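For reference, the structure discussed in these notes is given below.
Everything quoted here is computed from the prediction, not taken from an experiment. Just so you know, ligand 1 is whichever comes first in the structure, and atom 1 is the first atom listed for that ligand.
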Amino acid sequence: MSPQEQQRPLDVLILAAGLGTRMKSQKAKVLHELGGRPLIAHVTRKAHALDHRKIYVVVGHQAADVKAAVRREFGSDANAAAFVTQKQQRGTGDAVMSAGEALKDSNSTLLVLSGDVPLVRVETLQKFVDYHRASGAACSILSVKLENPTGYGRMVRDASEGFARIVEQKDATPEERLIREINSGIYCFETAKLFSALSEVKPANQQGEYYLTDVPAILATGGEKIAIYLHQDAREVSGINTCADLAEFENLLRRGTIRGLMMEGVTFIDPSHAYVSAEAQIGHDCVIYPDVLIEGDTVVGDGCVIRSGSRITNSKIGTNVVIKDHCVIVDSEVDSNCTVGPFAHLRMNTRLEEGSAIGNFVEVKKSRVGRGSKSMHLTYLGDATIGEQTNIGAGTITCNYDGKNKHETIIEDNVKIGSDTLLVAPVTVGSGSMTAAGSVVTKDVPPDSLVAGVPAVVKKKLKNRDK
Ligand code: UD1
Ligand code: CA
């Protein structure tokens, strides 16, 4: 092969227009999530990591959502992928054909991937592309051998073990169904040759579809070379077709993530019952109890203990934090040496500062709790800013919503909010003050004052702090 041929740029085409009937779902298959991200996002991320020119994604079913999922994966890099639309889902060959306009005259090598094969590794794809470029073939097919090849297209080899054709499960004879070597659905093509052969594909098969898998045999008949790359790790390139496959992959991915964390010094009391996203980070000497979920980009610092039944999503946890049983922490920050729970709920940019504590049945929304402050029982803190060393008594409620708008509550340093206090926002409780049990605070409380009653009025000055 000439050096020019070896240097053809690589384009990537990802097929993602199908509904995925075997999922028995309203949702397009490639939108189902694995490790908290849609399948299509996994595949596009792998493609993007290759040395490539352009990524094309074929969309059809729920095209808008599939496009959105791809765009989310690439963030601000809006040009990272282009989309082509397959109007009717008439098979994988037809799906590739729908990219004809964009690609057919292109002097490139085309890597074809399926949106439902999420675990394939970048190194495997790179090796496969290198193999194809060195082979001088018009098409290379990545195959694997499976114990149970049911459902896949089988690789039929000729007398000299070379490529003969691919036969789909539904079209295969009983003998062909015994073949264990299957087509992974990952191919490299010389782009122009692919599109000239595609025009010869006919839907003359059991499913009445245009099969991409007919293209290699058409090329071979025309005298082109077809190469087969037999890959050893079958798991990595197997596709997701059913919810059972999805659960199996989830389990595989999760076990890999948790094994990696254990190697980095995280203790899991029962690794088979912990759920940690691949993006999350967990520090050394953390102890994670059974049935904990750590989702999204959560970061947990060193030495934390997370007890059973807690879920932490897209949050930042400092060092030596204790999260007791059954807490929900979403989009929030918990600084070092805090304790949370049991049964606490932190959400919407809540921030617990160093050494503060939130206890039993306390919900904290979009609030800041200052250093060393505590709210231990049966409380709602919403849109509140709480100073340092303040204690919020049991049953306190910030009444932040007047039926139309949300209002803020400010509770300054060294305050003691008595049990069952209602703080009708907007309202400020000055530093050093105290509310008596059962107070309904409707007006700002000056510093160092004791208020009581409904509505609460100042009963006495606590001490003279003016110096
Ligand atoms: C396909 C292969 C089969 C291979 C298997 C590997 C064909 C005919 N068969 O079968 O040989 O063993 O993959 O996983 O290619 N798609 C479209 N438009 C369509 C149809 C499908 O975009 O009209 C997309 C799907 O969204 C999916 C991919 O192509 O991402 C594969 O389609 P699927 O129906 O899953 O093919 P298989 O039956 O698994
Ligand atoms: Ca498939």
**E168 neighbourhood, listing ligand 1 atoms whose heavy-atom distance to it stays under 4.0 Å** =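 Counting from 1, the qualifying ligand atoms are 2 (C), 3 (C), 7 (C), 8 (C), 9 (N), 11 (O).
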**Item:** Which of the ligand 1 atoms, numbered from 1, are nearer than 4.0 Å to a heavy atom of T92
**Value:**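 Going through ligand 1 atom by atom, the ones under 4.0 Å from T92 are 7 (C), 8 (C), 15 (O), 20 (C), 21 (C), 29 (O), 31 (C), 32 (O).
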For ligand 1 and [X], I'd like to know whether there is a polar contact (N/O to N/O, distance under 3.5 Å).
X	value
I182	no
D116	yes
A95	no
G91	yes

Specify the protein heavy atom at minimum distance from [atom]: its residue, its atom name, and the distance to 0.1 Å.
atom	answer
atom 38 (O) of ligand 1	R22 NH2, 3.2 Å
atom 22 (O) of ligand 1	A17 N, 2.9 Å
atom 26 (O) of ligand 1	G18 N, 2.9 Å
atom 13 (O) of ligand 1	G185 CA, 4.6 Å
atom 24 (C) of ligand 1	L15 CB, 3.7 Å
atom 18 (N) of ligand 1	Q86 OE1, 2.7 Å

**Opening angle at the Ca ion (ligand 2) [OD1, N241; OD2, D116; to 10 degrees]** = 90°
**Request:** Check R154, R157, K145 against E181 for a salt bridge (Lys or Arg N to Asp or Glu O under 4.0 Å) and give me the one that passes.
**Result:** R157
**Message:** Any atom of ligand 1 sitting under 4.0 Å from a heavy atom of E209?
**Reply:** no
**Asked** atom 12 (O) of ligand 1: which of N183, V237, L13, T21 has the nearest heavy atom?
**Response**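 Checking each option, the heavy atom nearest atom 12 (O) of ligand 1 is found in N183.
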**Asked** At a non-hydrogen distance cut-off of under 4.0 Å, which region of Q88 contacts ligand 1 (side chain, backbone, both, or neither)?
**Response** neither
**Asked** Taking non-hydrogen atoms only, is A16 closer than 4.0 angstrom to ligand 1 via side chain, backbone, both or neither?
**Response** backbone
**Fill in**
One should read off an interatomic distance between I288 CD1 and I282 CD1, to the nearest 0.5 angstrom, of 4.5 Å
**Request:** For the pair F361 and F343, name the ring-plane relationship: parallel under 30°, tilted 30 to 60°, perpendicular over 60°.
**Result:**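 Parallel: the ring planes of F361 and F343 meet at under 30°.
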